[in-house]
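To start, the structure itself, in structure tokens.
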Amino acid sequence: MRTANVRTIVIWTLVALVGATGWSVLALSRGEDVSAVWMVAAALGSYAIAYRFYSKFIAYKVLKVDKTRATPAERLDNGIDFHPTDRRVLLGHHFAAIAGAGPLVGPVLAAQMGYLPGTIWIIAGVIFAGAVQDMVVLFFSTRRDGRSLGQMAREEIGPFGGAAALVAAFAIMIILLGVLALVIVNALAASPWGTFSIGMTIPIALLMGFYLRVLRPGRVAEVSLIGVALLLLALVAGRWVAESSWADTFTLAPSTLVIWLVAYGFIASILPVWTLLAPRDYLSTFMKIGTIFMLALGVVIALPTLKMDAVTDFASRGNGPVFAGSLFPFVFITIACGALSGFHSLISSGTTPKMIQKETQVRMIGYGSMLMESSVAVMALVAASIIDPGLYFAMNAPAGVIGTTVENASQVVGSWGFQISPAALAKAAENVEESTLLSRTGGAPTLAIGVSEIFSKVTGGGLKAFWYHFAIMFEALFILTALDAGTRVGRFMLQDMLGNVVRPFKNVSWKPGLVITSGIVCGLWGYFLWVGVHEPLGGINQLFPIFGISNQLLAAVALAVCTTLLVKSGRLKWAWITGVPLAWDATVTLTASWQKVFSSDPKVGFFKQRQVFQDAIDAGKVLPPAKNMDDMHTVVTNSTVDGVLSAVLAVLIVVVIVDALRVCVRHIRRPALSTLSEAPYVESKIVAPAGLVPTKEEKEEERDAVGAATRT
């Protein structure tokens, strides 16, 4: 048994003290200025301890990962979907795939409740729920030939609960993909810089994939240097293009962007995973992690002050202008990715288990990637909390509430207790070369303002506009990597569903099947996106209000499947590891679903909103956000659809949880009746480290493997 030496004890004691000091300052400060650096300290200290101790305990004590067991990537390698991928490349792919709009936008919106509730949920949520879900789903899917979440539910819980999980997971996935795509379209519609730079990542990724597969197999360091150099060149060239005669060429209309996104999603879904998807995600990770690292460094250097209150009055009143509803349950719904996200479970049971080299890597890739994403969410919350609260609310409140002039916005925001002058609002827009910042809702522009504020304090105020537009482009890149991987995962889910009826679809690499299902998935989210772009109240805009709830309901499905598998695989005493997060998530999400369906507040309850707008139609009145009677009828339709969908999804998830509980109780009473769909053990021939840095023992194993290969 290994014992910790003095040096290790000292290091981890210091890490714990840094984290504890950060938490103490955030929790106990009342009325005095608080530096954002304490938020960063609390997060990093907590993440380090959680990864070193809690994730290791789960991986080796609970899951008992086995480095001698061959993964499906090794056993079923076909160069299309199953492909053993270097752990560093796969870490980049997985992180890029899970890190979409959520960790950037959710914390920004939740800042209206104050910085403290969001900070607590982001950090505690990821340590005990989000990262645990991602790692455990990845482990169990790897043991089942990379089965999708819905298919695992069907095989392990039963056909009834499994069917509910399959339908719910696929429907939620289409909603999530449509929302992600809409955010990308909004970010790139008037940005030739962003469009050019992001477009260039595609040929760069193709080059990297060819380099690793054909030219220099295994030379990850070489291809990383080449990729990063070309990426930086693309970023710089993007600004040149935006200021040149080529700007019009790369200034695409929203409808044109929809067509390009659907085409890209389809191609990325059907190409072998090593050609485009994995290298592009790996490439984008350098920019993502690099930007977040620079943000954290900027916070340490500039020491910006948190200007938002620790807890605002909106937390208890529930009448915030950004989103309606009280702190519980809506902060936990608004902040999904970064703390706990059902979307991640689809990636962990989608592309990643078909590419992972060793079971021992699930800790770094599953738990570690989620901690990385959580750090993104913390930096987004920092960015939203260091800007003037008056500017924050002027940017995130709808035009129907604050008006369209800086004078009116200043007056309305002032009535909420957050003072900002009309001149200050105009100056803020001028500083980032925008005509106005009023009602720039959605979270992304607010994050960009916060990023520009931090970076400009380090590099000089004259670059504030540059950093603002850089951040907008950065956010679009962040989200696009989740869209392409999500489309491929949606294809896997549909293939698993159809495979229960038409057997050839069970082979996810069957070419006719992958083309057909990719086309269906792209067609579904592409349709909602197309309508949403052309009708401000239609298409995916209609489903946007249930984005957060549907994502967290999906997390409940994932945690229910994980808990069931822990029980059935003889790990009953450890079932609390996913069972407690499941109980919390189900309580929060079903409470939110109930309120969204039945609340008497028209800003919260869908059916109450429908009634208010229908009564107004009967009285011949037009209410905001509608501009005419046609819009009024659209709002009534949207409210009805959202209310019904919220209720249906909640019922489906309750069915899954109840059926999972039934299976667990039956197993505890009569274990002999339970069966597991786990793939049989096959000894692995691959030698690869578990973490980013090989241990001494792992280096010796690699040398022995190379020597044995040379002798043969």
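At a cut-off of 3.5 Å, with distance as the only test, a side-chain donor of Ser46 or Trp23 sits close to an acceptor on the other residue. When only modelled atom types and interatomic distance are considered, Ser348 and Asp134 share no side-chain donor-acceptor pair under 3.5 Å. There is no side-chain donor-acceptor pair under 3.5 Å between Ser375 and Tyr47. With 3.5 Å as the limit, one finds a donor-acceptor pair spanning the side chains of Asn396 and Thr446. Side-chain polar atoms of Ser593 and Ser646 form no donor-acceptor pair below 3.5 angstrom. In this model, a donor atom of one side chain and an acceptor atom of the other lie less than 3.5 Å apart for Thr352 and His94.
Of the possible polar contacts, one joining the Ser439 side chain to the Ala397 backbone as a donor-acceptor pair under 3.5 Å is found. A distance-only check finds no donor-acceptor pair linking the side chain of Thr334 to the backbone of Val331 [under 3.5 Å]. Although no hydrogens or angles enter the test, the distance criterion places a donor-acceptor pair under 3.5 Å between the side chain of Ser326 and the main chain of Phe328. With hydrogens and angles ignored, the 3.5 Å screen pairs no side-chain donor or acceptor of Ser29 with any backbone N or O of Leu26.
The distance from atom CG of Leu565 to atom CZ of Phe140, rounded to the nearest 0.5 Å, is 5.0 Å. Atoms CD1 and CG, on Ile386 and Leu303 in that order, are 11.5 Å from each other to the nearest 0.5 Å.
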*Do Val105 and Phe547 pass the side chain to side chain contact (heavy atoms under 4.5 Å, CB included) test, and can you show the C-alpha distance, the side-chain angles, and the key distance before you say yes or no?*
CA-CA 12 Å; Val105 174; Phe547 171 78; over 6 Å; no

*Does the pair Leu44 and Val18 meet the rule for a side chain to side chain contact (heavy atoms under 4.5 Å, CB included), with working shown?*
CA-CA 9 Å; Leu44 295 182; Val18 168; over 6 Å; no

*asked:* Go through it in stages, so that I can follow the logic: the residues are Asp484 and Arg488, the test is side chain to side chain contact (heavy atoms under 4.5 Å, CB included), and I'd like the CA-CA distance, side-chain angles, deciding distance and then a yes or no.
replied: CA-CA 7 Å; Asp484 52 19; Arg488 196 181 192 95; over 6 Å; no

*Does the side chain to side chain contact (heavy atoms under 4.5 Å, CB included) test come out yes or no for Met372 and Ile289, once each step is laid out?*
CA-CA 8 Å; Met372 290 161 59; Ile289 294 299; 3.5 Å; yes

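Taking every heavy atom of both residues into account, Leu438 and Ala409 meet most closely at CD2-CB, 3.8 Å. Residues Gln609 and Ser639 share a closest heavy-atom pair of OE1-OG, 2.5 Å.
Under the side-chain hydrogen bond (donor to acceptor under 3.5 Å, both in side chains) criterion, Thr589 pairs with Asp585, not counting sequence neighbours. Residues passing the side-chain contact (heavy atoms from CB on, under 4.5 Å) test with Gln112 are Pro321, Val322, Phe323, Tyr392, Phe393, sequence neighbours excluded.
Checked against a 6.0 Å centroid threshold, the rings of Trp467 and Phe470 count as neighbours. With ring centers used as reference points, Trp574 lies under 6.0 Å from Phe57. Between Trp584 and Phe332, the ring centre distance stays below 6.0 Å.
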